[in-house]
Protein chains: 2
Amino acid sequence: MSEKHQLTLKDIARELGLAVSTVSRALKSHPDISKETIKLVKDYAEKHHYVPNLLAVNFRKSKTFNIGLIIPELVHQFFSSIISGVIKEANQHGYNVMICQSNEHVDDEKKVAQALLNSRVDGVIISLSNETDEVSHLKEFIAADIPVVQVDKISDLFDTPKVIVNDFAGAYQAVSHFIKSGYRKIAHIRGRLNVQHSNERFRGYAEAIKHEGLSYSEDYIKVCDQLTEEEGYEFAEQLMSLPGPPDAIFCVTDLVALGVMKYLREKNIQVPNQVGVIGFSNWKLGEIISPTLSTVHQPGYELGEKATELLLDKIVNGMDSPNQTVVLNADLIVRESVKNSPAVDGHY
Amino acid sequence: MSEKHQLTLKDIARELGLAVSTVSRALKSHPDISKETIKLVKDYAEKHHYVPNLLAVNFRKSKTFNIGLIIPELVHQFFSSIISGVIKEANQHGYNVMICQSNEHVDDEKKVAQALLNSRVDGVIISLSNETDEVSHLKEFIAADIPVVQVDKISDLFDTPKVIVNDFAGAYQAVSHFIKSGYRKIAHIRGRLNVQHSNERFRGYAEAIKHEGLSYSEDYIKVCDQLTEEEGYEFAEQLMSLPGPPDAIFCVTDLVALGVMKYLREKNIQVPNQVGVIGFSNWKLGEIISPTLSTVHQPGYELGEKATELLLDKIVNGMDSPNQTVVLNADLIVRESVKNSPAVDGHY
DNA sequence: GTGAAAGCGCTAACAG
DNA sequence: CTGTTAGCGCTTTCAC
């Protein structure tokens with residue numbers, strides 16, 4: 001294998017009988033440099049495959065061109081969509097992404113935050129762990145002049161740009177669709193009371209029902225703790241055993257909806273004719289089961305893109321710009337688990 | 001906000017009346033330095049939260065402490081498991097991971113390879129795209145003295161350390177299990193003829209059947225092109241319409257198996273009693289459908305860990321060590337889609 | 001227009 | 001044991 005001493009500015013300068021600084025400026029088409037010299041240098045660089053030593057450039061500029069991304073877990077369709085959006089947007093602007101997992105634990109979150117701080121990332125995007133209820137470890141970034149953007153799972157205690165999904169509108173849309181399709185007794189299996197997502201989805205559910213002049217009984221609201229299929233199954237059983245069982249169930253997430261569908265199938269309750277089901281998140285598996293699951297799509301990829309856009313803006317233009325909160329739409333995807341009444345067809 | 005000029009070695013040297021080099025060496029407990037000085041310096045550094053400037057260190061050492069990871073797609077359970085393993089192992093040794101997607105296109109693969117080359121990563125882990133049939137773009141890494149490790153989707157044209165899954169043994173295990181459970185007419189929906197995975201799984205199928213003194217007819221072998229649920233459904237229909245339909249179907253991947261199960265459910269063919277089904281990959285959704293799907297687990301996380309281990313070895317110890325190929329086991333996970341004959345219980 | 005020189009923070013040979 | 005010195009490759013004043 002040949003000697004692979006990488007070509008440096010010095011080499012080019014020597015060969016061309018120029019000064020290093022001239023070569024450096026020529027390569028960036030500095031106005032001071034004559035057209036001829038620029039051409040000369042650029043041609044030489046191209047011909048000999050000059051590649052700037054990023055290590056040196058970054059050192060000189062005190063920039064790593066790395067941004068940190070802290071998410072609860074990597075192996076998860078929603079989060080990997082976010083990651084994908086972040087990477088694409090970051091790479092497009094010459095930045096790398098350092099991915100860290102908190103595993104939904106605040107201790108891990110603190111550890112990786114410290115690591116990112118030490119490795120001098122240029123900025124950080126974070127989606128908070130479920131356990132996180134104070135943000136001192138994140139404020140250290142701000143203290144070190146490193147911008148932060150929060151995405152999806154955010155905290156009001158921390159003033160940064162934020163990108164979130166409109167859970168309220170998504171839920172509202174789902175429940176309205178139930179009503180337009182002829183369902184009247186709509187139950188909701190919701191998530192924990194202290195989680196913002198769950199509260200917003202619940203609010204969307206309640207508002208949609210109210211807006212249509214309907215009402216729901218407290219019996220129709222069930223609270224999931226772990227958001228598992230088993231809980232869905234369990235709560236479906238409870239709901240369907242009520243004296244007046246619901247004719248539609250809106251679930252806080254797809255996995256819970258699958259548990260519900262499993263129960264209904266076992267009891268030979270027809271979906272969507274006897275009971276309609278809508279989930280939330282648009283997991284791949286909703287397309288695969290039968291009947292296919294109607295759900296509310298969360299635009300993970302776009303969340304990642306947008307968050308990165310906001311972060312790069314802060315990195316490039318400084319921390320002083322105002323901290324906006326961007327809200328992306330969560331849209332209903334209608335599949336077989338909701339019946340298709342004529343009243344609805346008219347609308348779409 | 002206070003001035004946040006980061007503390008440097010120079011600062012410490014000045015404060016302590018020492019030379020910069022002494023401070024540098026003290027911080028790494030160099031044997032030449034006296035215990036007292038070491039303690040003095042370390043205490044000071046600790047007290048004032050000295051953090052080495054990685055940019056400078058890396059520049060000096062010509063090391064980025066970045067490794068590149070090229071995978072076909074991020075939003076995919078198997079690949080995100082690999083990523084997760086790579087990140088964990090890399091971080092543990094002070095390396096970052098730059099993730100790039102080829103989107104299963106060789107053109108994208110070439111582009112990201114070039115980008116990684118330019119950004120001077122210390123090493124690369126790659127899982128080839130389906131389209132990749134020549135590896136000149138990867139050999140450039142070797143020419144630049146950057147070690148490469150291949151994982152899962154590999155090429156024989158490129159001599160590097162490799163980490164793969166024992167597809168043959170996994171398939172063999174699955175089909176043997178069918179036979180031990182009392183199934184005799186076992187079909188196989190396989191993948192493309194030019195894909196190594198598919199061929200190995202087919203070989204495992206064929207060998208297991210042969211070993212048990214059985215045989216299969218060519219009618220029982222179907223070739224999937226896209227590995228979709230639809231193809232599974234389609235081929236299940238074809239298989240079950242044969243004059244002598246199979247009593248078990250081994251599928252090249254879980255998604256195909258789900259298509260098969262969908263067909264069987266619709267035709268009211270009982271799984272597992274009339275027909276047994278086994279998939280491959282251990283996707284999350286196999287646990288959720290009913291009956292739950294037996295499948296062969298591919299250890300993605302472990303693949304990622306092992307590949308990183310091999311890569312770091314090359315990075316640290318140089319490129320000259322021999323290129324080993326590590327084969328990890330793919331183990332059968334028995335769930336409800338295979339009947340539980342007494343003959344089997346005895347074995348496990 | 002171009003060149004000379006300084007310096008980013010750190011490491012490592014070399015010298016005492 | 002510790003200090004001096006040089007230098008990694010690049011950018012950026014400041015001269016000419």
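Letters A, B, ... are given to chains in the order of the sequence lines, protein chains preceding strands, and every chain is numbered from 1.
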When you check the phosphate oxygens OP1 and OP2 of C:dG9, does a side-chain N or O of B:Y50 lie under 4.0 Å from one of them? no
Hey, does B:K35 reach any base, or is it just sugar-phosphate, or nothing, if we go heavy atoms under 4.0 Å? nothing
Under 3.5 Å, is there an N or O donor on one side and an acceptor on the other linking the side chain of A:S21 and the base of C:dA4? yes
Report the distance from atom CZ of A:R60 to atom P of D:dC8, rounded to the nearest whole Å. 16 Å
Taking donor-acceptor contacts at under 3.5 Å, does the side chain of B:T37 reach the base of D:dT2? no
Answer yes or no: does a side-chain N or O of A:T22 lie under 4.0 Å from OP1 or OP2 of C:dG1? no
Could you check whether A:L18 gets within reach of a base, just the sugar-phosphate, or nothing at all, counting any heavy atom under 4.0 Å? sugar-phosphate
Ring geometry between A:F59 and B:F59 (parallel below 30°, tilted from 30 to 60°, perpendicular above 60°): parallel
Indicate, yes or no, whether a donor-acceptor pair under 3.5 Å links the base of D:dG3 to the side chain of B:R25. yes
Please report, rounded to the nearest Å, how far the P atom of D:dC8 is from the NZ atom of B:K63. 20 Å
Tell me the interatomic distance from A:L7, atom CG, to D:dC10, atom P, rounded to whole angstroms. 9 Å
Options C:dT11, C:dG1, D:dT12, nucleotide nearest the side-chain atoms of B:V20: C:dT11
Atom-to-atom span, CZ of A:R120 to P of C:dC8 - whole angstrom: 14 Å
Among D:dT11, D:dC8, D:dG9, the nucleotide that comes nearest once only the side chain of A:K10 is considered: D:dC8
According to a strict under-4.0 Å criterion, is A:K28 in side-chain N/O contact with OP1 or OP2 of D:dT11? yes
Examine distances only and state if a side-chain atom of B:T308 and a backbone atom of B:G304 form a donor-acceptor pair shorter than 3.5 Å. yes
Salt bridge flag under 4.0 Å for residues A:K110 and A:D107: no
Without decimals, in angstroms, what is the distance between A:R14 CZ and C:dT2 P? 20 Å
Hey, does A:T8 reach any base, or is it just sugar-phosphate, or nothing, if we go heavy atoms under 4.0 Å? sugar-phosphate
Would you please determine if the base of D:dC10 is stacked by A:F59, with stacking meaning a centroid separation under 5.5 angstrom and planes under 30 degrees? no
Quick one: are B:I126 and B:I154 in side-chain contact, heavy atoms under 4.5 Å? no
Is it true that a side-chain atom of A:K314 and a backbone atom of A:M319 form a donor plus acceptor pair closer than 3.5 Å? yes
Base, sugar-phosphate or nothing for B:D32? Non-hydrogen atoms, less than 4.0 Å. base
